[in-house]
Amino acid sequence: MIERMTRVTNNQKAQGRRTVTVLGSTGSIGLSTVDVLLRERDAYDIMALTAHSRVDALIEQALHVRPRRAVIGDERHYGRLREGLAGSGIEAAAGSDAVVEAACMDAEWVMAAIVGATALRPVMAAVQRGCTLALANKETLVCAGHLILEAARRHGTTIIPVDSEHSAIFQVFEQEHIDSIDKIILTASGGPFWNCRQAELVRVTPRQALAHPNWDMGAKISIDSATMMNKGLEFIEACQLFPVAQSQIEVVIHPQSIVHSGVCYKDGSFLAQMGVPDMRTPISYALGWPRRMDSPVKTLDLTDITTLTFHKTDDSKFPSLALARQCQQQGGSAPIILNAANEVAVEAFLQERIGFCDIFAVVEETLADSTSNKPTTLEDVFACDEKARQDARAWVTHKNTHMRASVVGG
Ligand SMILES: NC(=O)c1ccc[n+]([C@@H]2O[C@H](COP(=O)([O-])OP(=O)(O)OC[C@H]3O[C@@H](n4cnc5c(N)ncnc54)[C@H](OP(=O)(O)O)[C@@H]3O)[C@@H](O)[C@H]2O)c1
């Protein structure tokens with residue numbers, strides 16, 4: 001559990017200018033983070049920005065923001081980065097080790113906004129040097145939550161969740177009244193298809209799945225949201241972050257995305273955090289914590305809200321949540337395999353190599369090989385992740401062959 005109360009004092013000392021590194025600065029969360037930081041330029045210095053392959057976006061951002069260092073993960077873009085930053089005084093670096101080194105630079109705050117399990121090394125590097133970590137990336141907690149949280153305890157790192165649901169829970173979770181907590185309610189928008197019929201899901205295209213009704217997000221999380229795997233990953237993330245039993249976490253579909261999650265207490269109170277769906281609110285909360293910073297997000301006008309609805313989830317249409325519950329229950333390698341298989345399947349769906357519902361099938365089939373051995377080191381996690389990816393790729397090829405055969409066969 002995030003040691004919130006005990007860390008407040010330490011962080012209150014550091015209320016002068018804060019130095020921040022943004023890992024994944026060119027993505028959806030990264031851009032919103034930079035936007036928030038630039039609005040409080042006097043309060044923050046940006047130490048490093050990192051991206052993977054969108055080198056021109058990184059150059060433009062770096063010239064605007066003036067960090068000490070800009071890092072591109074894909075080394076093939078190093079020449080272009082150096083050329084683009086020539087004469088600016090900003091250091092250029094490239095490669096996955098350079099992304100890890102950026103996380104190791106002496107910033108007090110690190111925003112972890114790289115997508116996928118690939119964020120594991122930089123996230124762990126940041127945790128191991130005792131900074132405050134604003135954690136948007138959820139895949140790292142799913143794959144290696146116990147290792148990350150244990151390292152955070154050992155190194156005095158505070159982790160502030162940025163996922164809007166976990167930020168909401170964090171804001172209303174009364175650790176001092178933990179015995180009075182009945183349950184956590186994790187809300188889910190349900191994505192674009194939550195009330196579609198099963199037969200319609202089979203025909204969903206990447207373009208349709210990318211068009212989320214409420215949130216403007218990166219491609220991977222948009223697909224995860226459409227399959228409800230995002231909620232499955234968030235369920236595991238919540239199990240890692242908050243000290244309640246798995247059975248105390250309930251997922252509820254809330255298509256308007258106004259109530260971002262909350263906690264039910266045994267006295268009948270439901271404390272929730274509400275707001276317009278804009279990630280700059282949880283980002284501001286994480287970067288400002290323990291104070292609250294101003295953010296450009298419009299305050300909620302309750303009189304504008306005509307309807308707030310809540311619905312039960314449907315595991316028969318969207319098996320992702322049930323799979324995630326099973327994996328969390330099973331432990332061992334299961335959550336790593338779930339995540340790896342899902343990353344492979346989502347990429348294949350985006351490349352139109354498999355259909356929408358094949359994502360569920362690839363994950364289920366890959367999971368059949370999970371073991372109860374709990375990884376005890378990051379190397380174990382990487383080995384398990386790599387093996388699961390190979391298996392999932394084989395399943396993708398199998399599905400793709402079937403898909404082509406059915407197209408040819410008409
Ligand atoms: N978007 C949201 O609203 C939202 C909400 C809650 C949680 N999250 C979580 O936040 C994380 C980021 O999501 P996002 O939507 O911002 O993703 P995104 O738009 O796809 O951005 C991902 C960022 O990570 C970088 N990146 C990609 N692959 C990388 C690699 N192999 N090594 C290093 N950097 C890499 C990208 O660089 P390039 O631009 O160069 O590719 C980009 O800066 C995800 O874990 C997601 O689940 C997102």
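Worth knowing before you read on, the calculation uses all heavy atoms, side chains too, and leaves out hydrogens, waters and symmetry mates. Residue numbers count from 1 along this sequence. In each ligand, atom 1 is the first atom listed, and ligand 1 is the first ligand listed.
Looking at Val252 and Leu186, their side chains never come closer than 4.5 Å, going by heavy atoms from C-beta outward.
Applying the ring pair (Phe, Tyr, Trp, His ring centres under 6.0 Å) test to residues at least two apart or on different chains, the pairs with a partner in residues 362-397 are Trp395-His398.
Between Glu108 and Arg18, none of the side-chain N atoms (NZ, or NE/NH1/NH2) sits under 4.0 Å from a carboxylate O, so this pair counts as no salt bridge.
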Output block, N or O contacts of ligand 1, threshold 3.5 Å exclusive:
unit_1, atom_1, unit_2, atom_2, d
ligand 1, 1 (N), Ser28, OG, 3.2
ligand 1, 15 (O), Gly218, N, 2.9
ligand 1, 16 (O), Ser28, N, 3.1
ligand 1, 16 (O), Ile29, N, 2.9
ligand 1, 19 (O), Ser28, N, 2.9
ligand 1, 31 (N), Thr118, OG1, 3.4
ligand 1, 37 (O), Thr26, OG1, 3.4
ligand 1, 37 (O), His52, N, 3.0
ligand 1, 39 (O), Thr26, OG1, 2.6
ligand 1, 39 (O), Arg54, NE, 2.5
ligand 1, 39 (O), Arg54, NH2, 2.9
ligand 1, 40 (O), His52, N, 2.8
ligand 1, 40 (O), Ser53, N, 2.7
ligand 1, 40 (O), Arg54, N, 2.7
ligand 1, 43 (O), Gly24, O, 3.2
ligand 1, 43 (O), Thr26, N, 3.3
ligand 1, 43 (O), Thr26, OG1, 2.8
ligand 1, 43 (O), Gly27, N, 3.2
ligand 1, 45 (O), Glu139, OE1, 2.7

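With sequence neighbours excluded, no residue forms a side-chain hydrogen bond (donor to acceptor under 3.5 Å, both in side chains) with Thr26. Qualifying salt bridge (Lys or Arg N to Asp or Glu O under 4.0 Å) partners for Arg325, counting only residues two or more places apart in sequence or in other chains: none.
In this structure a side-chain-to-backbone donor-acceptor pair under 3.5 Å is missing from His311 to His254.
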